[in-house]
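This report concerns only the one structure given below.
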Amino acid sequence: MSAEATKVKTTYREAMRQAIRDAMNRDARVFLMGEDVGAYGGCYAVSKGLLDEFGPERIRDTPLSESAFVGAGIGAAMNGMRPIVEIMTVNFSLLALDQIINNAATILHMSGGQFNIPLVIRMTTGAGRQLAAQHSHSLEGWYAHIPGIKVLAPATLEDARGMLWTALEDPDPVLIFEHGTLYNMEGELAADAGPVEIAKAAVRRAGSDISLITYGGTLFKTLEAAEQLASSGIDAEVVDLRTLRPLDTETILDSVNRTHRAVIVDEGWRSGSISAEISARIMEGAFYELDLPVERICSAEVPIPYAKHLEEAALPQASTIVATVTRMIGAHG
Amino acid sequence: MSAEATKVKTTYREAMRQAIRDAMNRDARVFLMGEDVGAYGGCYAVSKGLLDEFGPERIRDTPLSESAFVGAGIGAAMNGMRPIVEIMTVNFSLLALDQIINNAATILHMSGGQFNIPLVIRMTTGAGRQLAAQHSHSLEGWYAHIPGIKVLAPATLEDARGMLWTALEDPDPVLIFEHGTLYNMEGELAADAGPVEIAKAAVRRAGSDISLITYGGTLFKTLEAAEQLASSGIDAEVVDLRTLRPLDTETILDSVNRTHRAVIVDEGWRSGSISAEISARIMEGAFYELDLPVERICSAEVPIPYAKHLEEAALPQASTIVATVTRMIGAHG
Amino acid sequence: KCAELYSAAKIRGFLHLYIGEEAVAVGAMRALTPEDSVVATYREHGHALLRGIPAGAIMAEMFGKQEGCSRGRGGSMHLFDAKHRFFGGNAIVGGGLPLAVGIALADKLVHRSRVTACFFGDGAVAEGEFHESMNLAALWKLPVLFFCENNLYGMGTALRRAESETDLCLKASSYEMPAWPVDGMDVLACEEAAHRAALEVRGGAGPCFLEFRTYRFRAHSMYDPQLYRSKVEVEEWKKHDPISTFQDRLTVDGILDDAKLKLIEDEVAAEIEEAIAFAEAGTWEPDEELTRFAYSEVKAP
Amino acid sequence: KCAELYSAAKIRGFLHLYIGEEAVAVGAMRALTPEDSVVATYREHGHALLRGIPAGAIMAEMFGKQEGCSRGRGGSMHLFDAKHRFFGGNAIVGGGLPLAVGIALADKLVHRSRVTACFFGDGAVAEGEFHESMNLAALWKLPVLFFCENNLYGMGTALRRAESETDLCLKASSYEMPAWPVDGMDVLACEEAAHRAALEVRGGAGPCFLEFRTYRFRAHSMYDPQLYRSKVEVEEWKKHDPISTFQDRLTVDGILDDAKLKLIEDEVAAEIEEAIAFAEAGTWEPDEELTRFAYSEVKAP
Ligand SMILES: Cc1ncc(C[n+]2csc(CCOP(=O)(O)OP(=O)(O)O)c2C)c(N)n1
Ligand SMILES: Cc1ncc(C[n+]2csc(CCOP(=O)(O)OP(=O)(O)O)c2C)c(N)n1
Ligand SMILES: [Mg+2]
Ligand SMILES: [Mg+2]
């Protein structure tokens, strides 16, 4: 994306839609399949209008059969297509987990390298909209435990616009998690914005005092916290992981080696979250560089409550980040 | 269990069967339900003979419908029963994950504390028997990420015999993972062996030089490694986690505070495994006590291969543990 | 009865959800005793109310107050009430069916003559959990009433675009389960059918499947632009509005007149006012209690 | 043809798995062209062999050698061969059905007249994935041949203890899918039925379901003590052994005589010897390559 490129105002939702449109136009093997992606326009309106543009064969509404249509995506990918399968919400993906873990993630290996699966699965993730305990999980970090799949968490307009095509070009299954609170996010995007690489994490804010490592829905809370910290003289670096599997350990350690302090901000439940993996990797790769122990700010270990004030209390917030960092740095001038 | 109690020779399989028999006799609300638990005698012969003893109502064969019979276990538990649901192998539990995560783990919370779910789900886990990539997952550490459930990993005869009843007395859903390589393990068990507590980890071998933290299928490999290390003058402590959720952080930190070194041995895939959570907790709770960074010995990040030599290479082995510890301690006298 | 009917209808005005389908829940619920169990979906406000959960507790739940029937933890999609054996609104389509099977299994194991009514929509029929649950219930002859609310759409997907075979009763038959269709716009037909089914199921004949043919007048949810169906179709169905048609019938039969109607409407209006007032007056659970109910605080009996 | 039949039978002797059911795979496979696709289960040795995968590559796979058809990574339950469009033995009961639906969907989207044959057992019918896949295939009129090998048992569970409705063709009908039963012990009947079904499916009529009624003579697996069925029952079925009965018929018809039979048996014996020799001579993949094939090494075309 060239610096001088003219910018256009857009939203995360539109950027994602443009990415789908772009992929459909680039490659006839690409099609979108999922519940209400067509006639309804997508439960979060991401695919709105695409049915008229590409027709019901390529913008394919499915019955409520998560396991079968995700499995069908795998089969279609094994037979030459480039399917984009949409699962409305991460919780429903649990109904398709057999296909994702026992088939999509293993078939390349079980076949001794004969059958790769160029499949992309998109789903909404995260809390923050009072949808309660069956619609608010953040399981992207949990999925990142599984060998054989890749896990992406686009947080910016550029990544919403650019990650899909790169994922479709990948020979193996790629899961894309879109945080529900981001769809309405507005901003400027280069008119010629296109595919982006998915191999590296990105430093969204350079800083020298501490590394704040995060991704997805908590990126902007973290950036907000960083600004507040700046006003009190603490210069925080913010790392956006972007891809949760494989993790870009290099960029993480690089940042920690410069700041000697780290906090991981993760909307997943604390125990066994990807924040634990990152902390462990810092332990293994930068132990002697640390001025003080790495800390984690995660969701409370409780199913997400419906009541607004309790939901907010359950999730990582900018205020928590500020307080934690201030305490950590206060303790070590 | 009294020290003088007479011992009887038994196996892990028989200990588990005795635990089921005992529970069925103690409480009329208890019943066992799963695929081939009755007429076939259990796919790993754990429930062999129980059908004749308790009849088809309480030793209930199910069709191949993991989601429905696990969900039925939840419903029965909500309506006064104490079901033991057996899932043949951890991989098949992925077909029931919607019921486990969206219902069993959330209903107590979503109902504001009205409906607890006293359900026990047993399943076989782990590799080591050349069953290849669809029958060899070790997902117990992965399950431990989910609030609302408890996760047990009995490794000894005492725990195989004693954890089930304690789990049934628990008001909330408890998952018990039985490592497939342990069923034939023989040993001595007190004739009067009974229920055991499930809240604490156990130090299986006391030592002063390093803490080897493990559970389930890798416990005995780790104990074997400890013996080998002893012969070369390294005194390793072996901690058996026993319960993966909630984790007994106290016992872990306690051990590390004494040994100042730690290695976690875990059959789960490395990234996002429970070994990462333990490393992170040591980082947070004993950072200043550590002489050197905590290390992890886990399974290679690949679906488990069928070929015997490759499967062995993929899993943690005593030799790897010995080599790692020797290197770590060699580096720091 | 009419009050129920009305309140079932009007109170929904608050969230625009069940309008058009009231006759189903009203009729079906009347076949149940307090000892029976109910499993519902996220579209369960009417069901909860008809089951006897106080309107105030339901309203408070939607407000997120701790006086709500789920202490504000569940919200509108997750109304629960142990006292009324209301085993929850379940927001996973098809997710409630296995629970109903298990609840009924427990009753059968201890020889209680209770039945479990399980409500779900036409969209749920495509889910694997529907298939597995229907087979288990029929195979084990469990006392489950499968109440399918067929409103012809699963969100924006018309039944004919979701099922190769749109006669849902035929599906039930493939499990050897008795099944019949019911005019879901006629409250008396719903009540009669539910009674008949409950009688059989209670008698130990095994489960039963009823397909209530009804229609959702309002959008699926607030966000739904309803691009997938025509105004004409909706208007056509509105002619069969279960409330106005039933009202007319009662008026013709001389059971209802403008005075009585006025009375009822005032009654309902008052009930709603009261519920809202109760909810408004409700309190927020303190943040310190956030992590409660992830696990039980007392041992199970 | 006979050689196929025999080898399909004898080679199994090595793992005692498909014995008794040979007629199904032998007959069904003959309806397929090399362009068609096959999805199978963990009981797929016969199918793999009949599809044209060299016996040596299969045997080597069971040995775990890198000359195996899955490089020793998959083993006996996971035979794969891209060249023969054999999309694998799948060891999750029901897990292969959604794959078959997707493979067929791809063919339909690009207007190829291929069909996808999906083999699965009677036990798979209870799984949700069966239900969802049958509906999708029928709803979208996909070219899938659902070949159900009904051997009356899922491990130790008799069909009547697993299904409330044991007529599996009735289930297929509830998706509006044409279905008919076939004598799975008669190789010619299997072939004829498969041909008929393949013709319809290839013509674009949508999927088809065949219930092959057969029987497993051997234990489910090595560990199976077979407590769940009587010797008498097994002996009764053995009278219908597809191989000996077909042999007798050929002899009566004068097509086969002792000399010819001897010839075939020697041929098969030799083929087996060869396969075993090939496997024995195979090599072990070096440990250094352990993590290969978790991800692709080349970009997808
Ligand atoms: C497993 C699952 N998939 C998708 C959804 C999203 N969703 C919520 S309601 C709904 C439509 C359900 O239709 P139906 O069962 O007919 O019930 P109705 O809303 O018409 O009453 C969908 C797709 C969900 N909640 N659960
Ligand atoms: C989802 C799942 N559940 C359970 C098993 C264990 N299992 C392996 S084979 C089998 C029986 C399957 O019976 P059927 O489908 O009739 O095939 P058959 O073995 O008779 O050929 C079972 C229960 C499995 N592999 N997958
Ligand atoms: Mg509907
Ligand atoms: Mg079978």
Side-chain angles (χ1 to χ4, degrees), chain B residues 34-45 47-49 51-52 56 60-69 71 88-89 91-96 98-99 129-137 183-184 269-271 299-315, chain D residues 42 60-66 68 70-78 88-95 121-131 153-159 161-164 220-221 223-229 282 284-295:
Chain B
E35 290 160 7
D36 291 307
V37 294
Y40 188 91
C43 61
Y44 292 105
S47 52
K48 196 164 181 173
L51 174 63
D52 302 334
R60 180 169 291 265
D61 279 323
T62 67
L64 277 92
S65 307
E66 284 79 6
S67 193
F69 70 74
M88 282 188 173
T89 298
N91 298 63
F92 316 150
S93 72
L94 297 175
L95 286 155
D98 166 54
Q99 288 299 323
R129 294 159 294 149
Q130 280 200 270
L131 296 181
Q134 287 184 331
H135 284 67
S136 302
H137 287 64
Y183 286 124
N184 293 327
W269 290 301
R270 184 185 185 90
S271 295
S299 285
E301 305 213 20
V302 61
I304 303 300
Y306 164 77
K308 195 170 193 317
H309 68 296
L310 290 180
E311 180 177 41
E312 277 168 9
L315 305 176
Chain D
Y42 49 87
E61 186 58 34
M62 298 186 191
F63 278 48
K65 301 291 182 78
Q66 57 182 332
S70 305
R71 294 183 114 266
R73 300 269 175 164
S76 121
M77 299 196 290
H78 306 296
N90 199 301
I92 303 298
V93 172
D122 49 290
V125 172
E127 291 282 2
E129 292 187 327
F130 166 84
H131 173 70
Y153 290 89
M155 264 179 91
T157 304
L159 184 61
R161 298 201 302 115
E163 292 291 337
S164 54
H220 169 74
S221 76
Y223 307 100
D224 173 7
Q226 301 193 64
L227 309 165
Y228 50 83
R229 63 182 189 182
W284 304 114
E285 191 174 5
D287 284 10
E288 300 64 54
E289 298 189 8
L290 171 61
T291 57
R292 287 186 68 186
F293 313 123
Y295 295 95

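No hydrogens, no waters, no symmetry mates; every other heavy atom, side chains included, goes into these values. Proteins come first, then strands; the chains are lettered A, B, ... in the order of their sequence lines, and each starts at number 1.
For Glu311(B), no part lies under 4.5 angstrom from a heavy atom of chain D. Met155(D) touches chain B through backbone and side chain together, each having a heavy atom under 4.5 Å away. Using a 4.5 Å cut-off between heavy atoms, Glu301(B) touches chain D through its backbone atoms (N, CA, C, O) alone. For a residue to count as touching a neighbouring chain, one of its non-hydrogen atoms must lie under 4.5 Å from one of that chain's; by this rule Ala314(B) touches chain D with backbone and side chain alike. With a 4.5 Å cut-off on non-hydrogen atoms, Glu129(D) touches chain B through its side chain but not through its backbone. Contacts between Leu95(B) and chain D at a heavy-atom distance below 4.5 Å involve the side chain alone, from C-beta outward. Heavy atoms closer than 4.5 Å to chain D are found in both the backbone and the side chain of Ser65(B).
The choice from Leu159(D), Val125(D), Ile92(D), Val93(D) that makes the most heavy-atom pairs within less than 4.5 Å of chain B is Ile92(D). When His135(B), Glu35(B), Gln130(B) are compared by the number of non-hydrogen pairs under 4.5 Å with chain D, His135(B) comes out ahead. No other option in Gly123(D), Ala158(D), Pro286(D) has as many heavy-atom pairs under 4.5 Å with chain B as Gly123(D). Per-residue heavy-atom pair counts under 4.5 Å with chain B were compared for Gly94(D), Gly156(D), Ala124(D), and the maximum is reached by Gly156(D).
Residues Trp284(D) and His309(B) form a side-chain contact, since some pair of their non-hydrogen atoms from C-beta on lies under 4.5 Å apart. Under the 4.5 Å side-chain criterion, counting only non-hydrogen atoms from C-beta, Gln134(B) is in contact with His78(D).
For the residue pair Thr157(D)/Asp61(B), the side-chain donor-acceptor check at 3.5 Å is not satisfied.
Note: His220(D) and Tyr40(B) have perpendicular aromatic rings, judged against thresholds of 30 and 60 degrees for the angle between ring planes.
Smallest separation of non-hydrogen atoms from Ala300(B) and Leu290(D): CB-CD2, 3.7 Å. Closest non-hydrogen pair, Ala126(D) versus Pro63(B), comes out as CB-CB, 3.7 Å. Shortest non-hydrogen contact noted between Leu227(D) and Lys48(B) is CD1-CE, 4.2 Å. Gly74(D) and Ala132(B) make their closest contact through O-CB, 3.5 Å (heavy atoms, listed as atom of the first residue, atom of the second, distance).
Qualifying side-chain hydrogen bond (donor to acceptor under 3.5 Å, both in side chains) partners for Arg292(D), counting only residues two or more places apart in sequence or in other chains: Glu289(D), Glu297(D).
Under a 3.5 Å cut-off, the side chain of Tyr306(B) and the backbone N or O of Met62(D) do form a donor-acceptor pair. Not one N or O on the side chain of Asp287(D) forms a donor-acceptor pair closer than 3.5 Å with the backbone of Ala313(B).
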Please evaluate residues Phe293(D) and Val302(B) with respect to the criterion side-chain contact (heavy atoms from CB on, under 4.5 Å), reporting the C-alpha separation (whole Å), side-chain torsions for both, the decisive distance (0.1 Å), and the verdict. CA-CA 8 Å; Phe293(D) 313 123; Val302(B) 61; over 6 Å; no
